[in-house]
Structures are given as C-alpha cells and as structure tokens.
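Scroll down for the structure; my scribbles are underneath it.
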Number of protein chains: 2
Amino acid sequence: MNLTLDRISSVPLYAQIHGEIRRQIEADQLKAGAAVPSERELAEICKVSRMTARQALNALKNEGFVYQERGIGTFVAKRKLDVHTRNLIGFTEEMRGRGLTPSTKILLARRENAAQEVAQELGIETADEVFHFQRLRLADDSPLAFEDAFLPVKHFPDLDAKNLENESLYKILETEYGVAMRRAEEILEATCASKEIARALAIKPKSALLIVHRVVFSESNLAVESVRTFYRADRYRATFVLTKNAV
Amino acid sequence: MNLTLDRISSVPLYAQIHGEIRRQIEADQLKAGAAVPSERELAEICKVSRMTARQALNALKNEGFVYQERGIGTFVAKRKLDVHTRNLIGFTEEMRGRGLTPSTKILLARRENAAQEVAQELGIETADEVFHFQRLRLADDSPLAFEDAFLPVKHFPDLDAKNLENESLYKILETEYGVAMRRAEEILEATCASKEIARALAIKPKSALLIVHRVVFSESNLAVESVRTFYRADRYRATFVLTKNAV
DNA sequence: TCATATAAGTGGTCTAGTCCACCAAATCAT
DNA sequence: ATGATTTGGTGGACTAGACCACTTATATGA
C-alpha cells in the first residue's frame with residue numbers, strides 16, 4: 001500500500017486517501033476479501049490522524065467498496081454489481097462510467113408556464129416560466145431513453161441558447177451558472193410504452209419501461225431540475241447500494 | 001430545541017441526537033426551512049464535543065433531512081417524498097412506515113440445490129442447499145408483490161420451521177440466528193407480467209411490473225439472501241435520496 | 001491436554017481543541 | 001449616503017489523544 005498525499009492541494013486529505021484506495025480496488029490491485037490497512041495503520045502510513053483515515057474508510061464503506069468488522073479489520077467487499085454506488089451523476093457521466101458512448105438528440109426545447117405539478121416540484125409559481133426539454137438519449141448510437149425535463153427559467157437565463165446537444169447539462173449549470181448539484185430525490189416506477197415513446201425509442205408499443213423521476217437540488221437546496229426519464233427496460237437497469245445506517 | 005441525552009445508554013450520543021432531531025422533523029415540530037442549531041450550539045446544548053454534534057448532523061444531511069451551507073448554518077430540508085432514505089429495511093417495516101398493513105401468503109417453501117446464478121449471488125456452491133421461498137405480499141389485504149427468495153441452508157438451519165407467515169424474515173434472522181443485515185445491493189428493472197404472476201397478483205397479463213432484485217449482506221459481509229420482488233407497477237413506486245458525496 | 005487468562009490489535013465512540021474559507025451584518029471612513 | 005473594512009458566526013478539515021467492546025492468538029495454569 002503506497003500512498004502519497006498532496007498536502008498543498010485543496011483536495012481534502014481524506015478525499016485523497018479515499019480516492020486512491022478506491023482506484024486500487026477498481027483496478028483490482030486490491031482484490032475482493034483482501035485486508036485494507038487498519039485505521040491506525042492507514043493513519044501511520046499517510047501521516048494523518050486516525051480520524052482522517054477513518055473518514056476515508058467510512059466513505060468507502062458507505063459506497064460498498066469495503067466492509068469493516070469490529071475487532072477484526074477492514075476488507076475489500078465482493079462487488080457483484082458494477083455500481084459506483086448511487087452517486088448523483090448525470091446521464092453523460094453515468095454512461096461513460098459504464099463504458100458506453102452517450103449522445104443526445106434534442107426533440108423539444110422551449111419556454112412555457114409551469115404546470116401545477118412541475119411548479120410544486122420546483123418550488124415555484126405556476127405563473128413562472130420553465131424550460132421544457134425533451135431529449136432522446138442514446139448509448140453507442142442506439143436509443144436508450146426518452147427524457148422530459150423542466151428547469152426554472154429565473155435561475156438559468158439563456159439556458160436554451162447553450163449547447164445542450166453536446167455538453168452535459170449538469171456541467172453547463174456548474175460552469176455557466178455556478179450551480180452545483182448536491183442532492184436528488186428519485187422515484188422509480190414501471191410502465192408500458194405509449195405509442196409516441198415507443199416510436200422514439202424504436203421498440204414495440206406496450207414494451208416495459210423504467211421511469212426514473214428525479215428532482216435535483218443544488219448546494220443551497222434550490223430545486224434545479226425535475227426530470228422524468230423513460231428507459232428501455234431491455235437496455236437499462238438501475239443499481240443501488242443500500243446500507244442500514246447512513247451514519 | 002430541548003435535548004436530553006442518556007449517557008448511560010448503550011445508544012451512542014450522536015445517534016441519540018440524530019434520532020431526536022429526526023423525530024422533531026418528522027413530527028413537523030421543526031418545519032422545512034427552519035434553522036437547526038449550529039454544530040457549536042448543538043454541542044453546547046448537549047454538552048458534547050463539536051465532532052459528536054457534527055456526526056449527528058452529518059447523518060441527517062446524508063438522509064436528506066437537513067442541508068448545510070458553509071458560513072450560514074444548517075436548515076431543515078423540504079421533503080417532497082415520504083422516503084425514509086435508502087435505508088435497508090424489510091417489506092414488513094417498509095409497509096408499516098407507509099401506513100399500510102402488510103400480510104404474507106406463502107406459496108412455496110422448500111429446500112433445493114442452488115441454481116448456478118443463485119449460488120454465485122450467495123457466494124456458495126451449486127452443491128449447497130438453499131431455502132426457496134415464494135411469497136405473495138399483500139398490503140391492506142390486496143396483492144402488491146410476488147416474491148422469489150433464496151437463502152443458504154447452512155447458515156439458517158430449520159428456517160423452514162419458523163413462522164414466516166406472520167413474522168418479519170429479517171427479524172427472525174436477527175433474533176433466532178443473530179444475523180443482522182448491514183448492506184444490500186439492488187437492481188431495479190421493469191418488465192411485463194407473465195401469466196402466472198399476473199394471476200397471483202390479480203392483474204392482467206403483460207401489465208407493467210417493477211422488479212427489485214436484492215442481495216442482502218450481513219454485518220460480517222455474508223450473503224444472506226437473494227430475492228426478486230415483482231411489484232405491481234400501479235401500486236408501488238420505489239423512492240430514493242441520492243447525494244453527491246457519500247462522505 | 002485442555003481450559004483459562006492475558007496481551008495485542010481492531011473498529012466504535014468521544015473529547016477538546018486548532019486553523020481555514022466563507023458569509024452577513026455592523027462599523028468605519030470617505 | 002455609500003463603499004470598504006472589520007467582526008463574529010458558520011461549516012469543513014484536521015489533530016492527538018482517550019476509553020470501550022470485541023476478536024484472535026499466545027501464554028499460563030491445573
């Protein structure tokens with residue numbers, strides 16, 4: 001276990017440790033079942049306090065990369081799923097993580113008054129305007145999902161003028177508007193494809209679809225986006241890691 | 001904010017603080033947007049160190065109950081969902097949390113040799129025996145889900161003799177075998193109902209179903225259960241809270 | 001030989017601080 | 001009045017310890 005930390009960097013020490021160990025697990029240098037240095041060992045190796053080392057291991061535990069047994073030690077968990085946990089990431093990033101090439105075709109992009117439900121989800125008035133985007137999401141040039149998204153106009157003026165076809169939406173929000181995603185609430189449900197969506201996704205009507213309805217909140221707890229994504233059930237499954245106590 | 005801690009209790013102080021604040025939020029005594037005591041204030045109120053108070057607030061943040069803004073403070077988040085976060089809980093507990101009365105009808109309970117896929121999921125050999133349970137899950141006496149579960153025999157001898165119809169499986173595993181759930185990996189996908197499942201759930205064939213495939217691990221990282229639950233899409237939606245950094 | 005005590009190591013919890021970047025409101029100088 | 005500066009409060013990161021419950025292996029005793 002070799003670990004060199006950059007103490008000048010703005011990246012916190014625990015995050016550096018976490019990242020390095022995670023990298024080694026993902027690269028299979030640390031194999032499933034292998035012992036990870038104990039909290040005290042890790043602290044000694046990295047010349048940090050035990051609490052800092054512990055914070056790094058804790059994050060790995062919450063993500064399901066390692067498990068800890070009191071009195072025994074810390075070990076690399078068997079990972080059956082290719083989940084990178086359920087971190088809040090956008091479509092582009094998620095597809096790249098799965099080794100697929102994402103692309104997007106914009107089907108609709110306009111301003112409109114917020115519908116009752118959308119207004120409530122975004123915490124705005126029905127008189128307020130929202131951007132309404134419909135996008136076809138492709139992975140390796142084959143249709144994967146149909147997306148229906150709403151964003152409040154007042155927080156993102158001129159968003160419709162940006163290059164949504166080739167840039168990640170979340171990246172645009174962060175770089176152009178300085179709004180970073182922090183938290184999201186998701187509802188997953190199943191449904192059968194309507195004729196319109198079936199045609200867009202090149203599947204038979206009444207095929208199974210996985211609907212992911214997501215409301216995204218920024219660092220300052222502003223509702224940023226309400227989006228429903230209709231995934232082809234034959235090409236997409238959502239993966240999660242649950243833990244008993246998120247503490 | 002009144003908070004009395006039991007310092008003799010085996011429940012950690014941070015867990016007591018976390019539980020009490022969470023209770024107040026769920027009881028709407030702390031309303032959305034209201035300020036929660038700052039880390040230093042909370043430490044002072046509870047007569048604990050700031051790190052301990054911080055740990056309690058951190059857990060609440062990860063669960064989506066509060067959000068924090070640097071330089072400003074900690075505030076109660078708006079909760080649109082009745083999610084109890086992505087905590088690992090069983091069917092019985094989940095239904096009670098949603099205000100429904102759960103019940104179970106056992107359709108099949110037998111020992112059999114593990115199929116290839118199940119053996120791999122549970123980390124056992126195909127020669128090993130597993131319990132195979134099929135259960136119909138009802139909420140308020142109406143069919144909600146069909147469940148297909150596999151548990152390794154060697155860790156739970158005589159499990160088939162227990163009262164599975166009326167007791168929570170996870171409770172039995174904990175009280176009778178001393179095995180507590182710690183972590184689970186879940187895959188959610190959509191499908192159309194087969195004739196058999198449609199009949200069991202009292203729906204039309206080809207209706208949409210949400211499949212939740214869950215592999216549960218114990219505190220000592222033992223694969224305890226592999227279960228596929230087929231939920232009626234018209235009666236069940238899965239809800240999650242995602243955060244950007246699980247740290 | 002076999003049970004029992006002991007020591008060393010582990011994660012879990014907790015303390016009492018420190019320094020930093022950030023924000024808001026009050027204050028001060030122009 | 002207004003713009004700049006100070007001040008106090010916030011969360012974020014980090015330290016260097018402490019005690020506990022738990023496990024395992026080793027040594028000790030009957």
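Sequence lines set the chain letters: A, B, ... in the order given, protein chains first and strands last, and positions in each chain run from 1.
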**Message:** Against B/Phe150, only a single residue in B/Glu117, B/Glu112, B/Glu121 fulfils side chain to side chain contact (heavy atoms under 4.5 Å, CB included); can you say which?
**Reply:** B/Glu112

Show each protein N/O and nucleotides 21-27 of chain D N/O combination with a separation under 3.5 Å, one pair to a line.
none

**Asked** Would you say the side chains of A/Glu20 and A/Gln16 form a donor-acceptor pair under 3.5 Å?
**Response** no

**Message:** Just the rounded figure in Å: distance from P of D/dG12 to CD of A/Gln55.
**Reply:** 10 Å

**Message:** Below 4.0 Å from chain A heavy atoms, what is the first contacting nucleotide of DNA chain C and what is the last?
**Reply:** C/dG9 to C/dC14

**Item:** side-chain contact (heavy atoms from CB on, under 4.5 Å) between B/Val48 and B/Ile17, intermediate numbers included
**Value:** CA-CA 10 Å; B/Val48 297; B/Ile17 300 171; 4.2 Å; yes

**Message:** With side chain to side chain donor-acceptor pair (under 3.5 Å) as the test, pick out the partner of A/Asp148 among A/His132, A/Arg228, A/Arg135.
**Reply:** A/His132

**Asked** What salt bridge (charged side-chain N to carboxylate O under 4.0 Å, His left out) pairs are there with at least one residue in residues 45-57 of chain A, not counting sequence neighbours?
**Response** A/Glu39-A/Arg50, A/Glu39-A/Arg54, A/Glu44-A/Lys47

**Prompt:** If you look at every strand shown and take non-hydrogen atoms under 4.0 Å, does B/Leu13 touch a base, only sugar-phosphate, or nothing?
**Reply:** sugar-phosphate

**Prompt:** Is it true that B/Glu26 and B/Arg23 make a salt bridge, defined as a side-chain N closer than 4.0 Å to a carboxylate O?
**Reply:** no

**Prompt:** Contacts to DNA chain C from residues 3-11 of chain B, heavy-atom cutoff under 4.0 Å, which residues?
**Reply:** B/Arg7

**Message:** Side chains of A/Gln120 and A/Gln116 only: does a donor on one sit below 3.5 Å from an acceptor on the other?
**Reply:** no

**Asked** Going through the checks in order, is the side-chain contact (heavy atoms from CB on, under 4.5 Å) test met by B/Val224 and B/Met181?
**Response** CA-CA 8 Å; B/Val224 165; B/Met181 310 295 114; 3.9 Å; yes

**Message:** With the threshold set at under 4.0 Å for non-hydrogen atoms, list the residues of residues 35-43 of chain B touching DNA chain D in residue-number order.
**Reply:** B/Ser38, B/Glu39, B/Arg40, B/Glu41

**Asked** Between B/Glu63 and B/Arg22, does at least one N-O distance fall below 4.0 Å, as a salt bridge requires?
**Response** yes

**Prompt:** Does OP1 or OP2 of D/dA13 have a side-chain N or O of A/Thr52 closer than 4.0 Å?
**Reply:** no

**Asked** A/Tyr67 and A/Phe75: ring-ring contact (aromatic ring centres under 6.0 Å, His included), yes or no, with the steps?
**Response** CA-CA 6 Å; A/Tyr67 62 97; A/Phe75 307 92; 5.7 Å; yes

**Request:** Could you list the residues that satisfy salt bridge (charged side-chain N to carboxylate O under 4.0 Å, His left out) with A/Glu69, not counting sequence neighbours?
**Result:** none

**Complete:** B/Asn58 atom CG is separated from D/dC14 atom P, nearest whole Å, by 14 Å

**Message:** Using OP1 and OP2 only, check whether a side-chain N or O of A/Tyr14 sits under 4.0 Å from D/dA13.
**Reply:** yes

